[in-house]
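These notes are about the structure you will find just below.
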2 protein chains.
Amino acid sequence: MTTIHEVAEAAGVSISTVSYALSGKRPVSEKTRRRIEDAVQTLGYEPDAGARMLAGRRTQIFGLTEPLRADTHAPTHMAFVLAAAVAARRRGYDILLLTDEQASEGMNRVAASNLVDAILVLDVAPDDERADIARSLRSPTVFIGIPDDADGLTCVDLDFEGTGHLAVDRLADAGHTSVTLLGQTEVSYRKSNFPRRLLLGVQERAAQRGVDLDWATTGDTTTDASAVRGAAEMALSRGVRAFIVHAVGDVHEILLETIAAHGLTVGEDVSVISAAASFDTSSLAVPVDTIPLVPQKSCELAVDLAVRHLEEPGTPAQIHLIPPEYHVAGSVAPARE
Amino acid sequence: MTTIHEVAEAAGVSISTVSYALSGKRPVSEKTRRRIEDAVQTLGYEPDAGARMLAGRRTQIFGLTEPLRADTHAPTHMAFVLAAAVAARRRGYDILLLTDEQASEGMNRVAASNLVDAILVLDVAPDDERADIARSLRSPTVFIGIPDDADGLTCVDLDFEGTGHLAVDRLADAGHTSVTLLGQTEVSYRKSNFPRRLLLGVQERAAQRGVDLDWATTGDTTTDASAVRGAAEMALSRGVRAFIVHAVGDVHEILLETIAAHGLTVGEDVSVISAAASFDTSSLAVPVDTIPLVPQKSCELAVDLAVRHLEEPGTPAQIHLIPPEYHVAGSVAPARE
DNA sequence: TTGAAAGCGATACCAA
DNA sequence: TTGGTATCGCTTTCAA
């Protein structure tokens with residue numbers, strides 16, 4: 001293993017100059033920097049992580065806690081983990097995984113041992129026990145999702161209520177007076193809170209705009225195809241021609257199939273908006289207007305906030321809602337008389 | 001932050017005694033150990049990770065590389081990540097995530113900087129570039145999966161060929177002379193190698209036992225329900241009454257539905273074996289005999305091997321195949337005349 | 001059974 | 001623009 005001493009010797013300078021040349025925290029003359037870089041190159045030098053942590057009081061590691069509850073939608077979750085890892089890496093941080101029981105216990109452990117510079121919290125539950133833990137830690141902690149008691153916490157999330165407002169507005173603007181919200185599974189309305197927040201936003205705005213609203217869940221603990229089909233058919237037969245879908249890809253597919261089976265055409269006879277979908281809606285059978293939930297955005301903001309808290313320790317905790325963005329694909333049509 | 005010095009002072013001993021008392025690497029008298037433990041407790045002492053790494057030359061961290069290719073089955077993958085994290089933690093190790101481009105590049109980085117003690121490799125491809133990287137590293141590396149060129153590598157995996165053998169044997173023993181293998185997607189036979197290994201095992205044993213074999217894939221890049229149904233119907237109409245399924249849960253469900261739709265009963269008219277499934281087959285509509293792929297087993301063995309390589313540096317690289325286990329659920333019936 | 005002290009390999013302060 | 005060196009908090013050898 002090559003050390004900073006060997007690099008210094010090879011370059012004919014002191015170790016402090018090597019350190020400064022590599023960190024850029026002090027100006028170094030062009031030619032000495034070249035010599036140092038050459039030495040680093042030929043010797044294959046890589047600073048020792050442990051020594052760095054000890055001397056620099058920075059680990060360049062973020063903890064990522066994820067309980068991985070059984071009802072977590074795996075693809076969505078993986079997208080968030082991946083996005084967090086990529087975002088962190090861009091800022092020079094690695095991700096240390098805290099899953100399962102370690103999700104809570106590990107937070108204390110890695111914070112107390114200075115293994116991580118900050119902690120990112122995924123898969124947030126309404127009554128998340130990690131909220132209290134976070135409040136008791138000195139390490140900056142950023143929640144991706146919002147617990148019921150978010151007091152004193154830094155949180156990042158899509159503005160689900162705003163998303164609900166936006167979806168209803170678009171349909172109401174198109175003249176629809178009757179809308180069905182095809183939601184998540186029953187269990188997710190109890191164990192998470194973003195589905196409720198979207199529902200609330202939809203209900204609120206529907207009331208304001210005088211829109212009749214129906215709400216159907218899509219299964220008990222897991223997506224139930226026949227329940228979805230049933231709900232869609234019921235709505236269509238009652239004359240509903242506008243849908244907001246807050247669900248996984250399969251539910252979208254079933255709705256689109258059911259609409260087609262009724263001899264109706266999305267974007268002409270029926271309007272559909274996909275709300276807060278984290279999958280690629282462009283791969284659906286029919287193009288659907290989407291207000292997407294973009295893991296990259298949430299995670300990049302979360303990482304930015306963690307870094308900011310590290311660099312400016314005084315930064316106040318705050319909830320950051322990401323404004324919804326409406327992507328037109330032609331699935332919303334004017335209501336027919 | 002409390003340091004080992006404060007603990008030593010509080011307990012009235014030297015720091016070395018504290019260190020030894022906590023690591024157990026040297027006998028410490030009962031009563032001094034008590035005093036030290038008390039001090040640790042009341043002060044809330046947790047050893048500094050960086051200092052530990054530097055002085056102890058051990059990080060207690062494993063790198064986990066996972067490219068997360070687009071065709072990766074998310075739930076299966078998550079099960080492996082979780083199992084790896086749990087197994088590692090049991091032995092006192094944390095998991096550092098190396099995803100995406102970092103899967104390869106990161107291996108070199110974390111190994112060179114001594115950030116990790118060993119590396120676990122997930123999501124192994126036939127021509128995996130991480131094979132060469134692993135061979136060039138000094139850090140112990142364990143593959144969970146087997147690349148085509150596994151020379152000099154330590155690998156862990158289910159014995160997929162043996163799984164194929166076992167499945168065919170059970171059906172042949174029951175008198176079946178005609179079997180259909182319902183396999184994975186097309187793409188997985190190109191981008192992974194375990195599907196091929198299972199296929200090979202099935203073909204081999206089918207030839208040996210004089211069993212007619214048909215093989216159907218279940219879609220191009222993603223599971224195609226109608227393709228699965230078509231394959232199942234084709235087989236049933238040709239008189240095939242024995243199936244080996246190597247696929248995700250949905251494919252099982254579709255096969256079972258199709259069998260029922262033909263008025264046939266699994267375990268009486270038709271025999272079905274699920275091979276190398278990593279999901280919980282007990283939640284299927286009909287109980288199905290299973291030769292499971294258990295992430296916990298693979299990951300525990302992988303972690304054990306990594307630890308062994310750390311403790312006994314001479315340990316030779318080797319491929320470790322986990323013997324298949326047959327779980328009876330009553331879905332295999334004697335063939336009818 | 002215990003203690004003193006020499007590192008481990010960086011960072012960053014104080015001088016020059 | 002550069003160098004010397006104290007320091008970070010622990011592990012482990014050597015001595016007692």
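Protein chains get the first letters and strands the later ones, always in sequence-line order, with residue 1 at the start of each.
With rounding to whole Å, Leu22(B) atom CG is found 13 Å from dT12(D) atom P. To the nearest angstrom, C1' of dA12(C) lies 14 Å from CZ of Arg58(A). dT1(D) atom C1' lies 14 Å from atom CZ of Arg33(A), rounded to whole Å.
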Readout for nucleotides 4-10 of chain C: B = base within 4.0 Å of protein heavy atom, S = sugar-phosphate only, - = neither; 5' to 3' it is B--BBBB
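For the helix from dT1(C)-dA16(D) to dA16(C)-dT1(D), the axis fitted to the five pairs at one end and the axis fitted to the five pairs at the other end meet at an angle of 30° (nearest 10 degrees).
In summary, Arg52(A) and Glu46(A) do not engage in a salt bridge, as defined by a charged side-chain N under 4.0 Å from a carboxylate O. Under the 4.0 Å criterion applied to side-chain N and carboxylate O atoms, Glu105(A) and Arg109(A) are not assigned as salt-bridge partners. In summary, Arg135(A) and Asp132(A) engage in a salt bridge, as defined by a charged side-chain N under 4.0 Å from a carboxylate O. The pair Glu300(B)-Arg90(B) counts as a salt bridge, with a side-chain nitrogen and a carboxylate oxygen less than 4.0 angstrom apart. Between Glu66(A) and Arg130(A) no salt bridge is recorded (no basic side-chain N to carboxylate O distance below 4.0 Å). Salt bridge annotation for Asp304(A)-Arg91(A): present, with a cationic side-chain nitrogen under 4.0 angstrom from a carboxylate oxygen.
Residues Ser23(B) and Thr17(A) each lie close to DNA chain D; by heavy-atom proximity, the contact nearer the 5' end of the strand is made by Thr17(A).
The backbone N or O of Leu68(A) sits nowhere less than 3.5 Å from a side-chain atom of Thr72(A) that would complete a donor-acceptor pair.
Side-chain N/O atoms of Lys25(B) include one lying less than 4.0 angstrom from OP1 or OP2 on dT12(D).
Side chains of Ser19(A) and Ser16(A): a donor-acceptor N/O pair is absent below 3.5 angstrom, by distance only.
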